[in-house]
Amino acid sequence: MSNPDQIQRILFEQIDVRGVVAGLDASYQEVLARHDYPPVLQRLLGEMLAAVSLLSITLKFEGRLLLQAQGEGNVSLLMAECNHHQHLRAIARYESEVDESLAFNELLEKGRIALTIEPEQGQRYQGVVPLEEDTLAGCLQAYFEQSEQLGTSIQLTADGTRAAGLMLQVLPAEETGDEDWSRVSMLASTLSDDELLNLDNEALLFRLFHEETCRLYEPQPLVFQCDCSRERSAEALKFMTEDELLAILEEQDGLIDVGCQFCNQQYHFDETDIRALFSEPGYLDQEGRMH
């Protein structure tokens with residue numbers, strides 16, 4: 001992959017279709033390095049990261065986009081996030097052994113996919129569809145066709161080291177001819193996983209659309225970055241009372257640890273920190289920082 005950790009829009013100059021291609025390398029490996037996931041979940045998280053990268057490029061506001069697949073089987077959750085800075089993170093939750101032979105919708109029994117948009121200002125939006133297709137790409141295509149009524153073609157792949165994705169979509173409110181859309185979506189469907197992972201974006205564009213008039217926009221970087229912080233962890237503790245937290249301190253040798261499920265960062269709070277949480281106006285934590 002010669003376009004790792006980048007996302008690029010594709011401009012079709014003569015038809016009303018938009019496109020975007022994404023490749024992940026170090027950003028994907030950063031996610032996997034923090035948890036010991038089974039191989040099938042490593043691959044699915046790579047696809048989730050590629051998917052949320054592709055979808056986030058349509059954001060027209062400051063905020064973040066969350067893609068969640070939830071089920072009732074051994075795998076209960078796959079989640080990936082991307083914000084308007086193209087900062088990524090992801091996590092999976094599962095119990096016991098995971099059957100490597102199961103399809104996506106079989107791993108997450110009675111599952112559903114939720115796409116959530118959380119702007120920093122404005123209302124939160126969420127769309128949910130049943131998890132009925134056997135691939136993540138198929139489920140997302142069904143989501144856009146059912147919920148947004150937009151023709152959508154999505155290819156996703158990951159091998160535990162690299163991940164990549166390609167998305168084409170009819171422009172909203174445009175009347176792209178059925179023949180144009182059928183042609184470009186059919187061409188996209190011929191792309192193999194090996195080509196998606198190994199061709200650079202220029203070569204990929206030529207391989208698929210050399211008879212179309214199209215070009216790539218300037219790339220944007222994709223990076224792993226978790227937005228957890230000591231301050232957010234402290235705010236989470238305040239859902240309990242001071243007395244409850246002091247009682248926990250007594251049971252845990254004078255220290256409460258709050259860990260981030262995404263990046264495994266640990267934040268430590270002692271009695272001084274807990275009492276300061278409930279004092280006014282601000283306080284200095286045990287590392288000398290003001291909150």
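Heavy-atom basis, side chains included; hydrogens, waters and symmetry copies ignored.
Taking the six-membered ring where tryptophan is involved, the planes of F12 and F209 are perpendicular, since the angle between them exceeds 60° and thus also 30°.
With hydrogens and angles ignored, the 3.5 Å screen pairs a side-chain donor or acceptor of R9 with a backbone N or O of I57. With E118 contributing its side chain and R64 its backbone, the two residues share no donor-acceptor pair below 3.5 Å. Side-chain atoms of R230 come within 3.5 Å of backbone N or O of H268 as a donor-acceptor pair. Judged by distance alone, with hydrogens and angles left aside, the side-chain atoms of Y28 form no donor-acceptor pair with the main-chain N or O of A164 at under 3.5 Å. Formation of a donor-acceptor pair under 3.5 Å by the S279 side chain with backbone atoms of A276 is found in this model. In this structure, E72 contributes its side chain and E109 its backbone to no donor-acceptor pair below 3.5 Å. In terms of modelled atom types and a separation under 3.5 Å, the side chain of D5 and the main chain of S27 share a donor-acceptor contact.
Taking Q68 as the reference, nothing meets the side chain to side chain donor-acceptor pair (under 3.5 Å) condition, with sequence neighbours excluded. With sequence neighbours excluded, the residues satisfying side-chain contact (heavy atoms from CB on, under 4.5 Å) with A103 are N105, E106, D134. In this structure Y217 satisfies the ring-ring contact (aromatic ring centres under 6.0 Å, His included) test with no other residue, sequence neighbours excluded. Listed by chain and residue number, E13 satisfy the side chain to side chain donor-acceptor pair (under 3.5 Å) test with R215 (two or more places apart in sequence, or in another chain). Remark: N74 pairs with S96 by the side-chain contact (heavy atoms from CB on, under 4.5 Å) rule, at least two apart or across chains. Looking at residues two or more places apart in sequence or on another chain, you find no ring-ring contact (aromatic ring centres under 6.0 Å, His included) involving H84. T116 is linked by a side chain to side chain donor-acceptor pair (under 3.5 Å) to Q126, counting only residues two or more places apart in sequence or in another chain. Residues passing the side chain to side chain donor-acceptor pair (under 3.5 Å) test with Q70 are R112, sequence neighbours excluded. Partners of Q252 by side-chain contact (heavy atoms from CB on, under 4.5 Å), not counting sequence neighbours, listed by chain and number: I248, I256.
Among residue pairs with one or both ends in residues 185-197, those qualifying as salt bridge (charged side-chain N to carboxylate O under 4.0 Å, His left out) are E195-R207; sequence neighbours excluded. Pairs passing the salt bridge (charged side-chain N to carboxylate O under 4.0 Å, His left out) check and including a residue from residues 248-265, sequence neighbours excluded, do not occur.
Under the 3.5 Å distance criterion, with hydrogens and angles disregarded, a donor-acceptor pair is assigned to the side chains of Q169 and T152.
W181 and S185 make their closest contact through O-OG, 2.7 Å (heavy atoms, listed as atom of the first residue, atom of the second, distance). Q6 and L222 get closest at one heavy-atom pair: O-CD1, 3.6 Å. Nearest heavy-atom pair, L32 versus Y37, reported as atom, atom and distance to 0.1 Å: CD2-CD1, 4.2 Å.
Annotation for E95: atom CD does not count as buried by contact number, only 12 or fewer foreign heavy atoms lying within 6.0 Å. Residue F206 places its CZ atom among 12 or fewer non-hydrogen atoms of other residues, nucleotides or ligands, all under 6.0 Å distant.
Rounding to the nearest 0.5 Å gives a distance of 4.0 Å between SG of C139 and CG of L131.
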Side-chain atoms of residues 45-55: list all donor-acceptor pairs with protein atoms under 3.5 Å, sequence neighbours left out, distances to 0.1 Å.
residue : atom : partner : partner atom : Å
S53     : OG   : L49     : O            : 2.7

